[in-house]
Amino acid sequence: MKQPVRVAITGAAGQISYSLLFRIASGDMLGKDQPIILQLLEITPALEALKGVAMELDDCAFPLLAGIVQTDDPNVAFKDADYALLVGARPRGPGMERKDLLEANAAIFSVQGKAINDNASRGIKVLVVGNPANTNSLIAQRNAPSINPRQFTAMTRLDHNRAIAQLAAQTNATVNDVKKMTIWGNHSATQYPDISQATVKGAAAEGLVERQWYEGTFIPVVQQRGAAIIKARGASSAASAANAAIDHMRTWALGTEEGDWVSMGVYSDGSYGIEQGLIYSFPVTTKDGDWSIVQGLPISDFSREKMTATEKELAEERDGVKHLLP
Ligand code: NAX
């Protein structure tokens, strides 16, 4: 049996975590041969609820679950952590401006970034799920100067999965038939779901759907899917978000399939002209626990316009919290 790895999860008593923790503990994220110690962080008032979740984890008698830490101290939660899933965030309250939301989250993610810097394994892989995910990831990264910025990522895998499902349904195919989907930019309504490189059963997706459907239905449906779920379910996406977080980490740790890629919010190195240092979603492949941005894809004028719009929003979010960045 392998040595256990330490997986830190914030917002561990929240609704996404209620779908996430049990699947991680059962081996869905890192494989059925990888024991796991869960290091669960919550705010103090939620520790009692967290205790209930931990009791349920115990009651599953998961063979791979080698320990559970419950804490309201980020320094304890991130101690020697190999993986971190930052799910907890401040939701937008009544009357709260976008600026207030950014600032409230900047406070949380700067503390967590510092705690990761001071306590985590040097090889830690960090995924930020809590919104605004890309900018929260940037804030954590900037507060962790001794960790390679490539180790901080943001989740756009849910958008990626949503886009695959929509395209498969429209082309009477299955999700297994769809390859090379791309989400560019921010996990927000400005994201750009791009099918220009996607294939369905090996055929170019653009040749299988009407342009009107692509621009007028597909793109807005994927961009607004989160809001549609809230309207239908009366609560935001939880099980699908947890599933995407597991997909993101599994792909990062265990690699992409030959001939395909995934979308991940990653530290921009200036690829495709996107400002260096932003956490921007690109098409990436992964191998040996590391990711690379897929290079050399043709970018149409239509794509460029959309990629720039979402880049601009990310730069504005960053500028909104600039005074809080080290
Ligand atoms: P919940 O409100 O159910 O749970 C959040 C939990 O985080 C709460 O238990 C809260 O006590 C805890 N928390 C708050 N501040 C904390 C802190 N400083 N340290 C530790 N824990 C803290 O929200 P849930 O539905 O689980 O969603 C979590 C986040 O995911 C939200 O920000 C949400 O917007 C975001 N999402 C991101 C998605 C993505 O694709 N990137 C999709 C799903 C989801 O909307």
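Indexing begins at 1, ligand by ligand and atom by atom, following the structure's order. Only heavy atoms go into these numbers, but all of them, side chains included; no hydrogens, no water, no symmetry mates.
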Salt bridge between [X] and [Y], side-chain N to carboxylate O under 4.0 Å?
X	Y	value
R162	D159	yes
D33	K2	yes
D290	R150	yes

Is there a heavy atom in [X] that sits closer than 4.0 Å to ligand 1?
X	result
R90	no
S237	yes
Q112	yes
A13	yes

Using a 4.0 Å cutoff against the non-hydrogen atoms of [X], which atoms of ligand 1 qualify?
X	result
G11	6 (C), 7 (O), 12 (C), 20 (C), 21 (N)
I108	18 (N)
A89	14 (C), 32 (O)

Taking [atom] as the reference point, the nearest protein heavy atom with its distance:
atom	result
atom 39 (C) of ligand 1	H187 NE2, 3.1 Å
atom 23 (O) of ligand 1	Q15 CG, 4.4 Å
atom 33 (C) of ligand 1	N131 ND2, 3.7 Å
atom 12 (C) of ligand 1	E42 OE1, 3.2 Å
atom 37 (C) of ligand 1	V129 O, 3.0 Å
atom 29 (C) of ligand 1	V87 O, 3.2 Å
atom 42 (C) of ligand 1	L158 CD2, 3.8 Å
atom 15 (N) of ligand 1	I43 CG2, 3.7 Å

Could you tell me whether the side chain of [X] and the main chain of [Y] form a donor-acceptor pair under 3.5 Å?
X	Y	value
S268	L278	no
D177	T174	yes
N105	L101	yes

Quick one about R122 and S146 (side-chain donor to acceptor, distance below 3.5 Å, no hydrogens or angles considered), yes or no?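 Checked: S146/R122 side chains pair up, N/O donor to acceptor below 3.5 Å.
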Does atom CD (E210) have a neighbourhood of more than 12 heavy atoms from anything else shown, all under 6.0 Å?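 12 or below, so no.
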When you look at CZ of R90, are more than 12 heavy atoms from neighbouring residues, nucleotides or ligands closer to it than 6.0 Å?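 No, CZ of R90 has 12 or fewer neighbouring heavy atoms, counting only those of other groups under 6.0 Å.
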Side-chain heavy atoms of R211 within contact of F302, under 4.5 Å: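 Result yes, sub-4.5 Å side-chain heavy-atom pair found.
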Should E56 and Y18 count as side-chain neighbours, where that means a heavy-atom distance under 4.5 Å?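 The answer is yes, as the side chains (C-beta and beyond) meet within the 4.5 Å cut-off.
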Which atoms form the tightest heavy-atom contact between G14 and E42, and what is the distance?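 In this case the closest contact between G14 and E42 is N-OE2, 3.7 Å.
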Can you find a protein heavy atom closer to atom 2 (O) of ligand 1 than 4.0 Å?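 For atom 2 (O) of ligand 1 the answer is no, since every protein heavy atom stays at 4.0 Å or beyond.
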Check M155 against ligand 1 and report side chain, backbone, both or neither, counting heavy atoms closer than 4.0 Å.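 The answer is both.
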Relative to ligand 1, is I16 under 4.0 angstrom through side chain, backbone, both or neither, heavy atoms considered?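 The part of I16 near ligand 1 is both the backbone and the side chain.
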Of A49, G14, A235, which has the heavy atom at the shortest distance from atom 4 (O) of ligand 1?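 It is G14 that holds the nearest heavy atom.
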